[in-house]
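Values reported hereafter were calculated over all heavy atoms of this structure, with side chains retained and with hydrogens, waters and symmetry mates removed. Everything numeric in this text was worked out from a predicted model, so none of it was measured.
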Amino acid sequence: ALLPTLRIGVVAPEEMNAEVESLAGQLYRFSPRVERADPPGTFWLDASGLELLHPSLEGWAASLRGELARAGWEATVVVGFSRFGTYAVARACRGVKVFSSPEEEHTAAGRVRLRELELDPEGVEALEKLGVRTVQDLRALPEVGLRERFGHPVAEVRRLATASVFDPLRPKVQREELVRQVVLDAPESDLVRLVFAVKNALDLSLIH
């Protein structure tokens, strides 16, 4: 009634997977190590060492966001030190955010409202009645009984928000196809000479 032109449809898993593949292909232009995560459209990129190619991580993140915008996507890029911290901030803000220290990221993630995270609305409402509205509020709750009272997702958010263990990336490395062209001076039908021509081309590829 508020928006008569609105239409709702189901996006087929095949279409979603195709878009994720397309997005991943674009992201490999900015990092050789890309990990796909849930929900679809969430990616982790390894930005270590990229300062040698970009003047700053802010510039790298802005270029990445601009590239996705030109492809028709609205993206938030957060550069930080932990999975939960960067994910929580990305859910709550728009644009580009680069943290200079783990402490800064920890503080920013603590300000994120629980409503911004993918939690059960009823559970979030129950927590808010207790005055627990942000990640920092959730960190202050005792772990004992939290899972039984509010469920596994809420308990998992608290665990991730308070964990100090580094969780390394599990990226899918893009495999590039190597192509080498061999130009023969004349048509060749001798199998042995053809095999040696191919072998020489492969040896050069391995050297490079």
Does any part of the side chain of [Y], heavy atoms only, come nearer than 4.5 Å to the side chain of [X], both counted from C-beta?
X	Y	answer
Val192	Val195	no
Gln26	Leu68	yes
Leu130	Phe150	yes
Arg147	Arg158	no
Trp60	Val79	yes
Leu64	Leu27	yes
Val154	Asp120	no
Glu122	Glu125	no

Given the rule in the side chain to side chain contact (heavy atoms under 4.5 Å, CB included) test, do Leu169 and Arg83 qualify, once you have shown the distances and angles that lead to the verdict?
-> CA-CA 9 Å; Leu169 286 180; Arg83 286 180 182 269; 4.0 Å; yes
Does [X] share a hydrophobic cluster with [Y], counting links as ILVMFWY side-chain heavy atoms below 4.5 Å and allowing steps through other members?
X	Y	result
Phe99	Trp44	no
Leu57	Val89	no
Leu6	Val11	no
Leu23	Val78	no
Leu141	Val112	yes

Report the C-alpha distance between Val182 and Asn200 in whole Å, list the side-chain angles of each, state the deciding distance to 0.1 Å, and finish with yes or no for side chain to side chain contact (heavy atoms under 4.5 Å, CB included).
-> CA-CA 9 Å; Val182 179; Asn200 290 335; over 6 Å; no
For [X] versus [Y], what's the shortest heavy-atom pair and its separation?
X	Y	value
Thr86	Phe81	CG2-N, 4.2 Å
Val135	Ala109	CB-O, 3.3 Å
Arg70	Ser63	NH2-O, 4.4 Å
Gly41	Val20	N-CG2, 4.5 Å

Looking at Arg91 and Glu118, does any basic side-chain N land under 4.0 Å from a carboxylate oxygen?
-> yes
Would you give the length of the straight line joining atom [atom1] of [X] to atom [atom2] of [Y], rounded to the nearest 0.5 angstrom?
X	Y	atom1	atom2	answer
Leu127	Leu119	CG	CG	8.5 Å
Arg139	Leu160	CZ	CG	11.0 Å
Asp137	Arg113	CG	CZ	9.5 Å
His152	Arg159	NE2	CZ	8.0 Å
Arg33	Arg170	CZ	CZ	11.5 Å
Phe30	Arg65	CZ	CZ	13.0 Å

From CA spacing to verdict: side chain to side chain contact (heavy atoms under 4.5 Å, CB included), Thr134, Leu114 = CA-CA 5 Å; Thr134 66; Leu114 297 179; 5.8 Å; no
Chi angles and distances behind the salt bridge (charged side-chain N to carboxylate O under 4.0 Å, His left out) call for Lys97, Glu105 = CA-CA 10 Å; Lys97 179 66 178 177; Glu105 179 195 272; over 6 Å; no
With Thr42, which residues qualify under side chain to side chain contact (heavy atoms under 4.5 Å, CB included), at least two apart?
-> Ala37, Pro39, Tyr87
Flag yes if more than 12 heavy atoms outside Leu2 fall under 6.0 Å of its CG atom; otherwise flag no.
->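 Atom CG in Leu2 is not crowded, with 12 or fewer foreign heavy atoms closer than 6.0 Å.
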Please walk me through it: do Glu128 and Arg115 pass salt bridge (charged side-chain N to carboxylate O under 4.0 Å, His left out)?
-> CA-CA 10 Å; Glu128 289 180 342; Arg115 286 186 175 272; 2.7 Å; yes
